[in-house]
Number of protein chains: 2
Amino acid sequence: MTEKQQNILQAAGELFATEGYYATATSKVAKKAGVSEGLIFKHFGNKAGLLDAILQDGEKRIKLAYAFVIMQTDPKEVLRKTIELPFSISAEEYEFWKLQYKLKWELKEQPQDKMQPLYFSLEEAFSQLGYEDPATEADFLIQLIEGFGAALLKGQFADPDKIKALTLKKYGL
Amino acid sequence: MTEKQQNILQAAGELFATEGYYATATSKVAKKAGVSEGLIFKHFGNKAGLLDAILQDGEKRIKLAYAFVIMQTDPKEVLRKTIELPFSISAEEYEFWKLQYKLKWELKEQPQDKMQPLYFSLEEAFSQLGYEDPATEADFLIQLIEGFGAALLKGQFADPDKIKALTLKKYGL
DNA sequence: TCATAGTGAGTGATTACTCACTTTATAATC
DNA sequence: GATTATAAAGTGAGTAATCACTCACTATGA
């Protein structure tokens with residue numbers, strides 16, 4: 001991976017996240033990355049290939065974020081870390097997650113569900129904690145934190161800390 | 001409002017909801033609506049004007065949906081109706097809501113927050129029910145049902161009824 | 001010396017939008 | 001009630017700009 005290749009990935013990631021995939025012209029990606037437009041197609045084949053490369057890179061980062069949750073042994077810690085997940089998005093990860101959320105609505109074929117491993121981990125945790133319906137509880141919590149992630153990225157929360165505290169409290173944490 | 005004008009609105013709504021706003025060409029809207037492309041610009045000025053018309057129409061429908069919740073006097077009914085909201089989206093409203101959600105991510109300037117009246121209603125309900133922090137509870141629940149709406153529209157729930165039942169149970173309903 | 005990295009002008013297709021024009025509906029006048 | 005006037009509805013070919021993408025070419029490093 002050359003430096004210019006990384007510049008393209010970086011520029012495309014930012015533009016796709018802010019402007020959207022369809023609304024971003026490859027000419028603008030090239031300009032922002034400081035390369036010729038032709039180079040994009042030499043390296044990534046076409047615009048979709050460029051998106052794929054970004055998505056593949058993203059999948060690694062997402063799996064890493066979830067791995068930290070899944071590796072917890074204490075079921076209560078699994079819940080705690082899951083809930084804390086959307087609230088701990090750092091400034092430099094912000095655009096990356098915005099892109100992930102955005103693409104879920106923009107693309108026709110959904111990039112495969114990266115939540116699957118987390119789901120199993122949560123189901124197990126709820127089961128151990130004696131919840132009545134662990135499967136539905138896992139579904140519920142995943143959707144809750146997905147909603148929180150969306151709200152945070154769109155800046156819809158007046159006070160994120162209060163929401164986080166309330167959520168933890170609701171799960172007795 | 002002529003028949004052709006309504007056809008344009010209908011066709012654009014469907015295409016924007018499935019393909020996205022930027023990815024939909026006005027020529028395709030015209031073709032689907034069975035009118036000349038020029039007519040779109042005669043009636044709506046430009047593509048953004050067409051979107052505005054759809055959005056304005058949508059705002060009425062959204063306010064109507066919320067009004068039914070807000071008019072409830074019993075605080076428990078306010079919560080129940082709020083929770084039931086995303087699960088009661090009918091087939092013909094499906095595309096409309098999909099468009100609303102999609103545009104939240106696609107557009108730079110957010111169409112004003114239509115949840116505001118619901119927020120006040122929820123805050124009041126939680127207050128009456130003796131919840132400790134009604135404002136945060138309202139924020140929490142709104143984000144929960146927004147997340148549920150998104151999940152339902154993307155078909156991410158294995159069993160929506162179970163999620164609904166669990167949610168109602170969590171609020172003692 | 002040879003493969004890979006990188007360029008930039010050029011391609012046809014498609015984009016949002018315009019405009020001179022025709023058709024249709026409404027209503028006023030004879 | 002037929003005729004006429006007029007505004008609005010509707011058309012479709014045309015436009016400049018932009019789109020994703022190509023290709024003949026040069027630069028560079030092993």
Side-chain angles (χ1 to χ4, degrees), chain A residues 1-58 95 99 102-111, chain B residues 1-58 95 99 102-111:
Chain A
M1 177 98 70
T2 64
E3 197 189 326
K4 299 214 169 185
Q5 209 164 345
Q6 277 188 350
N7 288 349
I8 293 169
L9 248 23
Q10 171 77 17
E14 284 178 29
L15 287 169
F16 289 174
T18 51
E19 312 288 328
Y21 171 69
Y22 288 109
T24 300
T26 48
S27 60
K28 290 197 176 171
V29 174
K31 197 175 180 182
K32 179 155 193 164
V35 301
S36 66
E37 197 177 354
L39 192 59
I40 292 174
F41 295 93
K42 178 139 287 180
H43 280 313
F44 304 102
N46 53 31
K47 196 182 173 186
L50 174 58
L51 179 64
D52 266 351
I54 291 172
L55 251 25
Q56 251 182 298
D57 194 59
E95 294 226 331
L99 176 63
K102 210 163 187 160
L103 290 176
K104 275 189 197 166
W105 287 104
E106 198 168 3
L107 300 181
K108 297 203 120 177
E109 43 186 316
Q110 301 279 94
Chain B
M1 179 95 75
T2 64
E3 196 189 326
K4 298 212 169 185
Q5 209 164 346
Q6 277 187 351
N7 288 349
I8 292 168
L9 248 23
Q10 170 77 17
E14 285 177 29
L15 286 170
F16 289 174
T18 51
E19 312 287 329
Y21 171 68
Y22 288 109
T24 301
T26 49
S27 60
K28 290 197 178 170
V29 174
K31 196 174 180 183
K32 178 154 193 168
V35 301
S36 66
E37 199 177 352
L39 191 60
I40 292 174
F41 296 93
K42 179 137 286 179
H43 280 313
F44 304 101
N46 52 32
K47 196 183 173 185
L50 174 57
L51 179 64
D52 267 351
I54 291 171
L55 250 26
Q56 252 182 298
D57 195 61
E95 295 226 332
L99 176 63
K102 209 163 187 160
L103 290 175
K104 275 188 197 165
W105 287 103
E106 198 168 4
L107 300 180
K108 297 202 118 178
E109 43 187 315
Q110 301 279 95

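Naming: A, B, ... by sequence-line order, numbering from 1 per chain.
Gln6(A) has its CD atom 16 Å from the C1' atom of dG6(C), to the nearest Å. Whole-Å rounding puts the Gln5(A) CD to dA5(C) C1' distance at 9 Å. Atom CE of Met1(B) and atom P of dA8(D) are 17 Å apart (whole Å). Whole-Å rounding puts the Ile8(B) CD1 to dA9(D) P distance at 11 Å.
Between Leu107(A) and Leu51(A), some side-chain heavy-atom pair lies under the 4.5 Å cut-off. Under the 4.5 Å side-chain criterion, counting only non-hydrogen atoms from C-beta, Leu103(B) is in contact with Leu55(B). Under the 4.5 Å side-chain criterion, counting only non-hydrogen atoms from C-beta, Trp105(B) is not in contact with Glu106(A).
Every residue two or more places apart in sequence or in another chain that forms a side chain to side chain contact (heavy atoms under 4.5 Å, CB included) with Thr2(B) is listed here: Lys4(B), Gln5(B), His43(B). Applying the side chain to side chain contact (heavy atoms under 4.5 Å, CB included) criterion to Lys31(A), with sequence neighbours excluded, gives no partner residue. Remark: Tyr21(A) engages Phe16(A) in a ring-ring contact (aromatic ring centres under 6.0 Å, His included) (not counting sequence neighbours).
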Would you tabulate the nitrogen or oxygen pairs shorter than 3.5 Å linking the protein to nucleotides 19-28 of chain D?
from, atom 1, to, atom 2, distance (Å)
dA20(D), OP1, Thr24(A), O, 3.2
dA20(D), OP1, Lys47(A), NZ, 2.8
dA20(D), OP2, Thr26(A), N, 2.8
dA20(D), OP2, Thr26(A), OG1, 3.1
dC21(D), OP2, Lys47(A), N, 2.7
dC21(D), N4, Glu37(A), OE1, 3.2

Please list, pair by pair, any protein nitrogen or oxygen found under 3.5 Å from a nitrogen or oxygen in nucleotides 23-26 of chain C.
none

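A salt bridge (charged side-chain N to carboxylate O under 4.0 Å, His left out) check over residues 7-19 of chain B, counting only residues at least two apart or in different chains, returns the pairs Lys108(A)-Glu19(B), Glu14(B)-Lys32(B). Legend: salt bridge (charged side-chain N to carboxylate O under 4.0 Å, His left out) pairs involving residues 36-54 of chain B, not counting sequence neighbours: none detected.
Side-chain nitrogen and oxygen atoms of His43(B) include none within less than 4.0 Å of the OP1 or OP2 phosphate oxygen of dA8(D). Contact check, Thr2(A) against dG6(C): a side-chain N or O comes under 4.0 Å of OP1 or OP2.
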